[in-house]
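Following: one structure in structure tokens, then a few remarks.
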Amino acid sequence: TTSSYGYGDGHAVMMKAWARVNDTTVLLGDSAGGLYVCEHGGADVRVQRVGSTSVPSALAYLDSGVVFVGSALADSQLVRIGGDGIDVVDEMVNLGPIVDFICIESGLVVCGGSGIRNVRFGVGVTELGAAPLSGARRVWGVGDRVVVGLAGGENVVLGMVAGEVADVTQGMGGLMK
């Protein structure tokens, strides 16, 4: 359930997720990635912003200030709330939203919100390479290269160079104009 809350300077934030810590404390996550601690006792309610995380779809308080932030829009995180705010303990890569993909010999090339990723599936997802391209909309395989269609009609050719994903558009001899 999503609800609005006026915070401090009067601007409204949309709460996207919550987690119970104990009988008097609840964690709240907003639509901008803000994380809040809400403490209530009797008629008193105190809400304090403790820091920023990925935009949460779910929150789970684990123990000793450690919180899992599950996100459908960004990487999920394991964070620790402390006196200085929030420390990110671990991040789990979110491939979504996936808008296109192609199958290649080593796995999949996925075109999504976080750019282009070459991944292999098995007992987990193993990232073989990544290219953080904004506006990636389509992918095509051309031999051992991947053509990426970007918003605005531009195309980029990616290939593996020395074990890293690299832009090899210039090496295509003008074929990508």
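Excluded from the calculations below are hydrogen atoms, water molecules and symmetry mates; all remaining heavy atoms, backbone and side chain alike, are included. Residue numbers start at 1 and run along the sequence shown.
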* To do: Could you check if a side-chain atom of Thr24 sits within less than 4.5 angstrom of a side-chain atom of Glu39, using non-hydrogen atoms only?
  => no
* To do: Can you see which heavy atom on Arg80 is nearest to which on Val66, and at what distance?
  => NH2-CG2, 3.7 Å
* Asked: Is the closest side-chain heavy-atom distance between Ile81 and Leu27 below 4.5 Å?
  -> yes
* Structure fact -> Heavy-atom nearest pair, Asp23 first then His40, reads O-CE1, 3.3 Å
* Should the heavy atoms of other residues, nucleotides or ligands under 6.0 Å from CZ of Phe68 be counted, would the total exceed 12? -> yes
* **Contact summary for Ala17 and Pro56, nearest pair of heavy atoms** => CB-CB, 4.0 Å
* Asked: Distance-only, no hydrogens or angles: does the Asn94 side chain make a donor-acceptor pair with backbone N or O of Ala72 under 3.5 Å?
  -> yes
* Answer yes or no: is there a donor N or O on one side and an acceptor on the other, between the side chain of Ser54 and the main chain of Ser76, under 3.5 Å? => no
* **Verify same cluster id: Val21, Leu59 (apolar side-chain graph, 4.5 Å)** => yes
* Report the distance from atom CZ of Arg46 to atom OG1 of Thr25, rounding to the nearest 0.5 Å. => 9.0 Å
* Following the transitive rule for hydrophobic clusters with a side-chain heavy-atom cut-off under 4.5 Å over Ile, Leu, Val, Met, Phe, Trp and Tyr, establish whether Val89 and Met92 coincide in one cluster. => yes
* Answer yes if Val26 and Val67 sit in the same cluster of Ile, Leu, Val, Met, Phe, Trp and Tyr residues linked by side chain heavy atoms under 4.5 Å apart, and no otherwise. => no
* To do: Decide whether Val55 and Val88 are clustered together by the hydrophobic rule: side chain heavy atoms of Ile, Leu, Val, Met, Phe, Trp, Tyr closer than 4.5 Å, transitively.
  => no
* Is the count of non-hydrogen atoms from other residues, nucleotides or ligands lying under 6.0 Å from Asp90 atom CG greater than 12? -> yes
* Shared ILVMFWY cluster between Tyr36 and Val45, side chains joined below 4.5 angstrom? -> yes
* Asked: Tell me, do Leu35 and Ile86 make a side-chain contact under 4.5 Å, heavy atoms counted?
  -> yes
* Asked: With a 4.5 Å limit on heavy-atom distance, are the side chains of Leu78 and Leu62 in contact?
  -> yes
